[in-house]
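What follows is a single structure, written as structure tokens, with notes after it.
Note that the structure is a prediction, hence the values are computed from the model and not measured. Values below: every heavy atom of this structure, side chains too, minus hydrogens, waters and symmetry copies.
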Amino acid sequence: MKKFVLIMVGLFLITTANAQDKAALKAQKAAKKAAEKSLKEAKSTYEMSIPNPQYGRKETNYEKLETSLPLIKAAMESEYTKDNPQTWKLAADIEYQYYTKIENESKADPDNNELKKKYIETSAKLLSYCIKYDSLLVLDAEMKPEDKEKEHKIYQPKGVNSAIQLLQAAQNYSNSENQEELKQGAKYAEIFINAMENSNLMKDFKHAELEGWKTYSKAFRAQSYLNIEGTPEETIVNAYKALFNTNFKGIAYQSLMNYYREKDKAKQNLYLQEGIDALKGDAEQKDLRANFVTILMQNQFQAGDKEGFMKTAEIMKTEFADDENAVNAYLMEGQFAFEAKDYETAKKAFLAGSEKYPDDEKCLLMAARSAWMKAQTTGSKKEDMNEAITLFKKLEAANPESPELWGESLYVLYNNTQQPKLAANYKKYYKSNK
């Protein structure tokens, strides 16, 4: 009896499972039928809404066309029709009607911000539908290659024209101070880049300005991300790295250098050095490269990185000798030696700077001080003291109206070399007398 009960339970479970399978299959058939019906009705509504001379329709009936929107949406979302190329073809066709309408309205009322917003949103939808349709055509085994190519050529220009609107929006929003608009700028730039670089729709698109458009879009994306609060560091860095091989590479390195200025000196120096290397030989960005050299040189000096500084200073001396900051290469080089108490080396560096830039008083002043410090460390040898006097006198001749640079020093030096008569001429500059 026990065995019979178990068998009966088993039969009940099998019967129940079969019933559930039938119910599920029935539900699937119903869902598929509903999705296909939605697609069919959407197509019929669309065709009855657009201009058709045969039926006397000269303009699109947007009131009627609007009733197709929930139908095509249902078809796009259903698992039974979402991979049907005809779903996305129809979606693109319907959206193109709205795109054309809003485009004309925007031209008639260019200052209407609401229209501008709708135009951009419609452009984004149209582009995505064209891309989706084209991608599904590739997988359609039943469609002839020549028919695929024909459709490709019809929907590519629609996608391109809508993509251009997104590029313009990305530019406008990237210059905004509004956080939400900056986010929109980054979003539209990403859409444009992805469409142009990764979609089958644009794989064979050619235009004289295409590379420029892609570069601009990457620049707008980077600028937006940089100014969006809370953007992950990696996102910002990668956005600018995408510009390294473009004519915006200088701006990219400059932006990253500024981004890390207060956050991480090591990374700032890294992008300064990369920027210096990347812009070598670029005549149009020579001034920017000189700026990178100046900042890196200062950072290395402040960090006590003498080896790195000397390499950077050499670039400044040889390639940017006419730059207003070039004299600092000599001053900082001399300062490194001065602080290491290598006064002879310091003096030579300062004198080289003074010879190159005779109008800069700092070089000659530090050369004179270095000579004096050398004299003090060598037991005040007469020749060393005289050299210091000579340099301070040269400083006096060059800056007669600035006795604070040479007056007291000459008084002390003349006294230390037992030349009281000459020292008397500078006594008034001796601070202890004041």
Side-chain angles (χ1 to χ4, degrees), residues 76-77 82 88 91-92 95-96 98-99 102-103 106 113 116-136 138 155-207 209-256 258-259 271:
M76 289 190 292
E77 294 176 350
K82 67 180 182 179
W88 299 95
E95 201 63 40
Y96 186 69
Y98 286 103
Y99 172 85
I102 297 174
E103 182 180 42
S106 296
N113 290 326
K116 287 180 183 178
K117 185 177 179 181
K118 287 182 180 179
Y119 188 26
I120 297 167
E121 292 171 351
T122 301
S123 297
K125 288 181 183 179
L126 177 58
L127 175 60
S128 68
Y129 297 162
C130 289
I131 288 174
K132 182 70 174 180
Y133 173 46
D134 192 75
S135 69
L136 291 173
V138 176
Y155 288 86
Q156 186 185 75
K158 292 180 180 180
V160 170
N161 290 335
S162 54
I164 293 299
Q165 306 312 316
L166 300 185
L167 178 61
Q168 183 63 58
Q171 178 181 17
N172 293 338
Y173 287 141
S174 71
N175 292 310
S176 175
E177 295 182 356
N178 181 289
Q179 286 292 302
E180 290 306 312
E181 289 185 348
L182 286 168
K183 291 176 183 177
Q184 290 296 309
K187 171 186 171 183
Y188 292 133
E190 290 281 13
I191 293 174
F192 183 89
I193 295 166
N194 189 56
M196 292 299 172
E197 294 189 341
N198 303 319
S199 74
N200 187 73
L201 183 68
M202 304 297 181
K203 67 176 183 179
D204 57 350
F205 173 66
K206 292 179 174 59
H207 192 283
E209 300 295 329
L210 179 58
E211 290 307 313
W213 291 343
K214 290 195 289 188
T215 299
Y216 286 132
S217 64
K218 291 173 184 178
F220 302 148
R221 174 181 65 177
Q223 184 169 304
S224 291
Y225 279 140
L226 181 64
N227 293 303
I228 294 172
E229 296 174 2
T231 301
E233 179 179 321
E234 184 179 8
T235 300
I236 293 173
V237 172
N238 287 337
Y240 277 108
K241 281 186 175 181
L243 293 168
F244 282 177
N245 293 319
T246 73
N247 57 334
F248 284 120
K249 59 187 174 183
I251 293 175
Y253 285 112
Q254 183 179 42
S255 297
L256 287 174
N258 286 330
Y259 176 70
Y271 289 114

Next item on the list: Can you see which heavy atom on Ser174 is nearest to which on Leu182, and at what distance?
Entry: O-CD2, 3.7 Å
Notebook entry, point to check: Nearest heavy-atom pair of Leu201 and Gly159: which atoms, and what distance?
Noted result: CD2-CA, 4.2 Å
Next item on the list: Would you please say whether a donor-acceptor pair under 3.5 Å links the side chains of Gln184 and Tyr188?
Entry: yes
Next item on the list: Anything under 30° is parallel, anything over 60° is perpendicular, the rest tilted; go ahead and classify Trp213 against Phe205.
Entry: parallel
Check: Taking Asn238 for the side chain and Glu234 for the main chain, is one N or O donor matched with an acceptor at less than 3.5 Å?
Finding: yes
Note to self: Centroid separation under 6.0 Å, is that true for the rings of Tyr216 and Phe248?
What the structure shows: yes
Item checked: Gln254-Asn258 side chain donor-acceptor pair, cut-off 3.5 Å -> no
Next item on the list: Just do the side chain to side chain donor-acceptor pair (under 3.5 Å) check on Asn227 and Glu177 with the steps written out, would you?
Entry: CA-CA 8 Å; Asn227 293 303; Glu177 295 182 356; over 6 Å; no
Check: Aromatic ring centroids of Tyr253 and Phe244 under 6.0 Å?
Finding: yes
Notebook entry, point to check: Quick one: do the Lys203 and Asn200 side chains pair a donor with an acceptor below 3.5 Å?
Noted result: yes
Note to self: Minimum heavy-atom separation for Ala91 and Met76, please, with both atom names.
What the structure shows: CB-SD, 3.7 Å
Notebook entry, point to check: If we only count heavy atoms from C-beta on, is the Gln168 to Phe192 side-chain gap below 4.5 Å?
Noted result: no
Check: Between Glu229 and Gln179, is there a donor-acceptor pair closer than 3.5 Å when you use the side chain of the first and the backbone of the second?
Finding: no
Note to self: To check you understand the geometry: which heavy-atom pair defines the closest contact between Ile120 and Ala169, and what is its length?
What the structure shows: CD1-CB, 3.5 Å
Notebook entry, point to check: Salt bridge or not for Glu180 and Lys183, using N-O below 4.0 Å?
Noted result: yes
Note to self: Would you call the rings of Tyr155 and Tyr133 parallel, tilted or perpendicular, taking 30° and 60° as the class edges?
What the structure shows: perpendicular
Margin query: Between Asp134 (side chain only) and Cys130 (backbone N and O only), is there a donor and an acceptor less than 3.5 Å apart?
Written below: no
Check: Are a donor atom and an acceptor atom from the side chains of Glu181 and Asn172 found within less than 3.5 Å of each other?
Finding: no
Margin query: Please tell me whether Ser123 and Gln165 have a donor and an acceptor in their side chains that are separated by less than 3.5 angstrom.
Written below: no
